[in-house]
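Protein chains get the first letters and strands the later ones, always in sequence-line order, with residue 1 at the start of each. Every heavy atom of this structure was used, including side-chain atoms; hydrogens, water molecules and symmetry mates were not.
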2 protein chains.
Amino acid sequence: MPDRQDGYNPGKYPPFAVTVDIVLMTVVDGDLRVLLIQRGEGPFEGGWALPGGFVLPHENLDEAAGRELLEETGIRPDQGYMEQLGAYGEPYRDPRMRVVTVAYWAIAPRLRKAPSTPAAAARPEAKLLFFSREAPAAAARAPSPAEMESTAQQWKSKIRAGGDAAYAEMVPLAEIQSGRLSLAFDHRRIVDDAVDTLRARLETTTIAQGFCPPEFTIRELQEIYEAVWGTRLDAGNFYRDMVRRKGSLTPTESRTPSGEQGGRPAKLWRAGESPTFDRPYYRSPGRTRRRRRRDEDDDRPR
Amino acid sequence: MPDRQDGYNPGKYPPFAVTVDIVLMTVVDGDLRVLLIQRGEGPFEGGWALPGGFVLPHENLDEAAGRELLEETGIRPDQGYMEQLGAYGEPYRDPRMRVVTVAYWAIAPRLRKAPSTPAAAARPEAKLLFFSREAPAAAARAPSPAEMESTAQQWKSKIRAGGDAAYAEMVPLAEIQSGRLSLAFDHRRIVDDAVDTLRARLETTTIAQGFCPPEFTIRELQEIYEAVWGTRLDAGNFYRDMVRRKGSLTPTESRTPSGEQGGRPAKLWRAGESPTFDRPYYRSPGRTRRRRRRDEDDDRPR
DNA sequence: GCAAAAGTGTTAAGAGTACACCCATGC
DNA sequence: GCATGGGTGTACTCTTAACACTTTTGC
């Protein structure tokens, strides 16, 4: 606490800068990805870093994180999910001054997979999504209900070719954790912590649905779990396990526009009223056999 | 991140004070308690608050929390367990200036219960432990191995009668959560968050042992779980469940100095090599039937 | 018809729970 | 002997995990 009997008095305190950094995660084609920006100046110029910025004097930490998310991606915090991760404050993590960063992690809904064979869609090095960092004023205005309806449309309108000095990109987590792509400051550690927390949250809450479009199939939800946990799950058991949990899913009348070259159309579901499961869905050891490799695709023989 | 393309440059950033606050918890006679200090000056003078202080320019957040814990209680962080909880930064949480607090929670081992009938020991409003906040220099020096051996002795040497303006006290959590005792700033919320996290950690880690003396019985460990979770557990099942988990407990040759008015002497155990369980010990609904009231004492008929 | 994907049934193994019961001590 | 608390046995229930099987579509 600020003032106490140990020699400090108000006004004579060590001044710090306080920033927020955001680990925005999404799942694209079975890959967990993280939003990174390429730094345009300063230390680590040209390096990859988490989006973030200073906390302003009048706003609290959650508001600062929500504002930064909106400014950088056009995503409003209430469209997905956002939660504080923790504070990071090594003395020389920023070489210029003493900075304490409060990290947040957030979830962005994904675009629905384009109708085509899954094999074709997954393979040809699926194009990364680029988010413009320009025109923050336009991005900051509140979206209309129609705009909110389809986040996919919002995103598409912001995608550009990239290649500019400072841009943002959804980078596969594997690129970061394998070390092929290294991050500025202590952001690698922040990303690791965020992923750990996300993995744990999937056990007790329904936030995995936040990665999905407003209406989704149980199979799509399963793909989120598999991407985040890095495991394969039994489709039949997963279906029952999710539907059995009360309050987490609302059934819909509609079904998927039916399969490409066959397959039974899947029921569509909406998020339930409860943000948590009535009973946790644990990654038990038997359930989570390690997944081999991205794009080895499947365990089943053909 | 500090410098970016959005109008900020280094040196022109909103200055904040950064502090650490510590939720030090212990279990005394089946009660989960929290260390509070009574404020000697400033806002909330005379009110109860968490111990804490400013982060110094040269130290990181963990070091600041460890230093504060040592200064305020004489407990070295490596004697128990300490973990960051999160950051709290509402704009006017401190009326004097903009302060962001990074909260930590920590565990202190408890004194072994004095040999007497459990009923007698539990009832007569067991005396609270008082920690002196004076002579910080003495408290700050590194304790010798002999001193470390018995934390109980360290504590006793610091206990004083209390009644002074600024002192510290282990307050039962129930006093805080019932609202009978209200805390300064947003410290009530921080305490609640710390307890939630502690409860969750008991499921997957062996830190409950941190509340126990170096050698302890399974029954003592069970009492920790019951105090923290606020439940009753079946003694027979708990015994097996804990002993079954590999790596969490090391057997000892010794036994308890044998019962007071009978009873089979209990085996003594030490902490195992693993800080986490091989399989989590969940508070499943059946296991955690709600406990009635503190000091109604027991469910069994007599 | 066949292939593919959604959804259901069945079963064996194991974890969780309740509770009876035996064991080792003090008095 | 009796009381007390430590530790073990046992039976029943429920969840998990594997996998066979049925349903509904496209071609």
Side-chain angles (χ1 to χ4, degrees), chain A residues 113 115-121 203 216-223 231-245 249 251-252 254-269 277-289 297-302, chain B residues 113 115-121 203 216-223 231-245 249 251-252 254-269 277-289 297-302:
Chain A
K113 213 176 340 198
S116 63
T117 76
E203 294 187 311
F216 52 88
T217 68
I218 304 294
R219 195 65 176 73
E220 286 174 323
L221 189 61
Q222 181 187 341
E223 281 163 15
T231 59
R232 309 251 80 162
L233 300 169
D234 181 276
N237 291 332
F238 185 85
Y239 187 94
R240 250 180 324 219
D241 286 345
M242 282 299 143
V243 172
R244 196 172 30 168
R245 276 155 229 267
L249 290 168
T252 309
S254 26
R255 300 179 158 268
T256 47
S258 98
E260 285 84 41
Q261 73 268 53
R264 178 173 171 175
K267 282 183 202 154
L268 282 169
W269 304 75
F277 288 132
D278 55 350
R279 182 166 15 110
Y281 181 73
Y282 295 117
R283 341 160 228 189
S284 21
R287 189 133 64 194
T288 64
R289 20 194 176 129
D297 215 321
D298 232 63
D299 286 10
R300 280 167 288 159
R302 308 221 144 232
Chain B
K113 212 177 337 198
S116 63
T117 77
E203 294 187 309
F216 53 89
T217 68
I218 302 295
R219 194 67 175 72
E220 285 174 322
L221 189 61
Q222 181 186 340
E223 282 163 15
T231 59
R232 308 249 82 162
L233 300 169
D234 181 276
N237 291 333
F238 185 85
Y239 189 93
R240 250 181 324 220
D241 287 343
M242 283 298 143
V243 171
R244 196 171 28 168
R245 277 156 227 267
L249 291 168
T252 310
S254 24
R255 301 177 158 268
T256 47
S258 96
E260 285 82 42
Q261 75 269 50
R264 178 173 168 176
K267 283 182 203 158
L268 282 169
W269 303 76
F277 288 132
D278 55 351
R279 178 167 17 109
Y281 181 73
Y282 295 117
R283 340 160 228 189
S284 22
R287 188 134 65 194
T288 64
R289 17 188 180 134
D297 213 324
D298 233 63
D299 287 8
R300 279 165 290 160
R302 307 227 144 230

Report task. Mind calculating the distance between CZ (B/F277) and C1' (C/dA15) to the nearest angstrom? Result -> 16 Å
Query - Residue A/P265, side-chain heavy atoms: nucleotide from D/dT25, C/dG16, D/dG7 that is nearest - result: D/dT25
Query raised in the report: Any donor and acceptor pair, going by atom type alone, linking the side chain of A/Q222 with main-chain N or O of A/Y239 inside 3.5 Å?
Result: no
Query raised in the report: What is the distance from atom CD of B/E220 to atom CH2 of B/W269, rounded to the nearest 0.5 Å?
Result: 13.5 Å
Query raised in the report: In whole Å, what is the span from the CZ atom of B/F238 to the P atom of C/dA15?
Result: 18 Å
Query raised in the report: To the nearest Å, how far apart are A/Q222 CD and C/dA5 P?
Result: 13 Å
**Report entry** B/R264, nearest nucleotide to its side chain (from D/dC19, C/dG7, C/dA24)
**Finding:** C/dA24
**Report entry** Whole angstrom value for the distance that separates P of C/dG7 from CD of A/E220
**Finding:** 11 Å
Report summary line: The nucleotide from C/dA6, C/dG16, C/dC19 with an atom nearest the side chain of B/N237 is C/dC19
Requested in this report: With sequence neighbours left out, write down each residue that passes ring pair (Phe, Tyr, Trp, His ring centres under 6.0 Å) with A/F277, or none if nothing qualifies.
Outcome: none
Report summary line: Separation of C/dG9 atom P from A/Y239 atom OH, nearest Å, is 11 Å
Query raised in the report: Counting side-chain heavy atoms from C-beta on, which of D/dT16, D/dG5, D/dG9 comes nearest to A/R245?
Result: D/dT16
Query - Spacing of B/M242 atom CE and B/L221 atom CG [to the nearest 0.5 Å] - result: 5.5 Å
Report summary line: Considering only heavy side-chain atoms of B/D234, the closest of D/dG6, C/dC19, D/dT23 is C/dC19
Report task. Would you mind telling me which residue lines up with the more 5' stretch of DNA chain C, B/G236 or B/D241, judged by nearest nucleotide? Result -> B/D241
**Report entry** Separation of atom CD in B/E203 from atom P in C/dA15, rounded to whole Å
**Finding:** 17 Å
Report summary line: Taken to the nearest whole Å, CG/B/L268 to C1'/D/dG7 is 14 Å
Report task. Please state how far atom CG in A/L233 lies from atom C1' in D/dT15, giving the value in whole angstrom units. Result -> 16 Å
Query raised in the report: C/dT10, C/dA6, C/dG7: which one has an atom nearest the side-chain heavy atoms of A/R240?
Result: C/dT10
Query raised in the report: Under 4.0 Å between a side-chain N or O of B/S284 and OP1 or OP2 of C/dT17?
Result: yes
Query raised in the report: Can you tell me if B/R279 uses its side chain to pair, donor with acceptor, with the backbone of B/R245 under 3.5 Å?
Result: no
Report task. Could you work out which one of D/dG6, D/dT8, D/dT16 sits closest to the side chain of A/R244? Result -> D/dT16
